[in-house]
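See structure below.
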Amino acid sequence: MPISHRVILDTDIGSDVDDALALAQLLGSPTVELSGVTTVYGDTRLRAQLASRIAATAGLPVPVYAGRRETLSGREVWWAGHEGTLHEHLDREPVEERDAVSYLVDEVIHHPGEVDVVAIGPLTNVAAAISSEPAFAPAVRHLWIMGGNFGSDEPEHNVRSDVDAAQLVFSAGIPTTVAGLEVTTQVHIDRARLDRIGAADDLGRLLLAEVQQWWRFNGTEWNVPHDPVAVLALVEPEHFQFSEPGRVIVDADGRTRFVAGEGDTRIVLALDTEVVPDRIVTAILTAGGEGPE
């Protein structure tokens, strides 16, 4: 199957388990070339080591770059405390010495119109790339964001964590697709699907352990794959309904509002709640070597 998307994943992997699922999903998507992973928000080196471990467990190592630790807005970083604790010798995992933002800038401007950036954490790295190099924003093929909440006034974590970064990114003129909470929360990875993942291979067992850790932290036994939904909107858009282009407005408290009309951004309006979780699981199983259904 030909490669359709050259992708950089920008992630705050290690807290909510959905980042790890999204990374595995990209590794198992046959139309995606994952050029690199950049980490953001808090202990970005630890996050990078975890991303490196997951990719190595899949037998599909990719270069990983640690990025901005602090937010542009100055908001304190939220840290769950369990990040990386399941994995022995995580400090041995390779992380590129180069800074994530300089990698983002160079990779995009040296391949103008070819690189999709998938941002599933606070938007600090992307904002820093925009600010540091005027050629970056025009060279991005498309920006795919998990963030925002267009169904209520409740702020979403990624946007609220760095409002200044989100405001900068949404005003940069980059063609952008956003999957907000009002659509991602319609999808659940249930116990049966998680059991399939966990029974498959080393990668599946790693991911299941991460999921169970997140369950213990939250006191739940189900999972909302926020970030994998945003990834699938890139890889298999036929399962989604999108708005016409418009603008996303972010207020000082992190609340988001979509205004249809002139602009470069669209939001996910609806998705196939039956097909989407199965397609996410299929990609994860493929990353672990089971192969597509």
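Just so you know, these numbers use all the heavy atoms, side chains as well, and skip hydrogens, waters and symmetry mates.
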For His82 against Trp214, the heavy-atom pair lying closest together: CE1-CE3, 3.6 Å
Reported OG1-to-CG distance for the pair Thr39 and Asn125, which is rounded to 0.5 angstrom: 7.0 Å
Any side-chain heavy-atom pair of Leu27 and Val62 under 4.5 Å: yes
Interatomic distance, Asp278 atom CG to Arg193 atom CZ [nearest 0.5 angstrom]: 4.5 Å
Non-hydrogen side-chain atoms of Thr256 and Val178 separated by less than 4.5 Å: no
same_hphob_cluster(Val229, Phe258) at 4.5 Å side-chain heavy-atom cutoff: no
Nearest heavy atoms of Val95 and Val64, plus distance in Å: CG1-O, 3.6 Å
Connected via hydrophobic side-chain network under 4.5 Å: Val108 and Leu234: no
Donor-acceptor under 3.5 Å (Thr286 side chain, Ile284 main chain): no
Note, Thr38 side chain near Ile8 side chain (heavy atom, < 4.5 Å): yes
Check: Val37 main-chain N/O paired with Asp10 side-chain donor or acceptor under 3.5 Å: no
4.5 Å side-chain heavy-atom contact, Leu168 and Ser131: yes
Asp227 vs Leu21 side-chain heavy atoms within contact, under 4.5 Å: no
Under 3.5 Å donor-acceptor, Ser73 side chain and Arg75 backbone: yes
Side-chain heavy-atom pair Phe242, Pro237 within 4.5 angstrom cut-off: yes
Side-chain donor/acceptor of Asn149 to backbone N/O of Glu154, under 3.5 Å: yes
same_hphob_cluster(Leu232, Ile145) at 4.5 Å side-chain heavy-atom cutoff: no
Same apolar cluster: Leu60 and Leu207, side chain cutoff 4.5 Å: yes
Donor-acceptor pair between His239 and Arg279 side chains, under 3.5 angstrom: no
Contact check, side chains of Val105 and Ile109, non-hydrogen atoms, under 4.5 Å: yes
Co-membership, hydrophobic cluster, residues Tyr65 and Leu104, 4.5 Å side-chain: yes
Under 3.5 Å side-chain donor-acceptor pair for Asp18 and His226: no
Distance, nearest 0.5 Å, that separates CD of Gln25 from OG1 of Thr282: 10.0 Å
N/O donor-acceptor pair under 3.5 Å between Arg47 side chain and Asp12 backbone: yes
Thr184/Met146 under side chain to side chain contact (heavy atoms under 4.5 Å, CB included): CA gap, chis, key distance, verdict: CA-CA 9 Å; Thr184 62; Met146 189 283 123; 4.1 Å; yes
Check against side chain to side chain contact (heavy atoms under 4.5 Å, CB included), Thr85 and Gln213: CA-CA 10 Å; Thr85 57; Gln213 178 177 251; 3.0 Å; yes
Evaluation steps, side chain to side chain contact (heavy atoms under 4.5 Å, CB included), between Leu203 and Ile54: CA-CA 7 Å; Leu203 176 63; Ile54 290 170; 3.9 Å; yes
Interatomic distance, Ile267 atom CD1 to Thr176 atom OG1 [nearest 0.5 angstrom]: 12.5 Å
CZ-CH2 distance between Arg160 and Trp78, expressed to the nearest 0.5 angstrom: 10.0 Å
Qualifying residue, where the test is side-chain contact (heavy atoms from CB on, under 4.5 Å) with Asp116 and the options are His5, Arg6, Glu33: His5
From CA spacing to verdict: salt bridge (Lys or Arg N to Asp or Glu O under 4.0 Å), Arg45, Asp91: CA-CA 9 Å; Arg45 184 166 185 84; Asp91 59 341; over 6 Å; no
Verdict with reasoning, Leu269 to Val183, per side chain to side chain contact (heavy atoms under 4.5 Å, CB included): CA-CA 7 Å; Leu269 296 176; Val183 292; 6.0 Å; no
Polar side chain donor-acceptor pair, Thr44 to Arg69, under 3.5 angstrom: no
Arg191/Asp195 under salt bridge (Lys or Arg N to Asp or Glu O under 4.0 Å): CA gap, chis, key distance, verdict: CA-CA 6 Å; Arg191 169 60 85 171; Asp195 285 346; 3.4 Å; yes
Between Thr71 and Glu76: side-chain donor-acceptor atoms closer than 3.5 Å: no
Whether Ser102 side chain and Asp99 backbone form a donor-acceptor pair below 3.5 Å: yes
side-chain hydrogen bond (donor to acceptor under 3.5 Å, both in side chains) contacts touching residues 48-57 (sequence neighbours left out): Arg53-Glu93
Asp162 side-chain N/O to Leu72 backbone N/O, donor-acceptor pair under 3.5 Å: yes
Nearest atoms (heavy-atom pairs only) where Ala119 meets Leu143: CB-CD1, 4.2 Å
Test item: side-chain donor near acceptor, His142 and Thr177, under 3.5 Å: yes
N/O donor-acceptor pair under 3.5 Å between Glu133 side chain and Ala135 backbone: yes
Between Gln186 and Thr273, a side-chain donor and acceptor under 3.5 Å: no
Distance-minimising heavy-atom pair for Tyr41 and Trp79: O-CZ3, 4.4 Å
Heavy-atom check, side chain of Ile13 versus side chain of Glu83, under 4.5 Å: no
Side-chain donor/acceptor of Glu210 to backbone N/O of Val17, under 3.5 Å: no
Nearest non-hydrogen partners of Pro155 and Arg255, listed with the distance: CG-CG, 3.9 Å
Closest contact, heavy atoms only, Val268 versus Glu182: O-OE2, 4.0 Å
CG on Leu34 to CG on Leu23, rounded to 0.5 Å: 6.5 Å
Other residues, nucleotides, ligands: >12 heavy atoms within 6.0 Å of Arg247 CZ: no
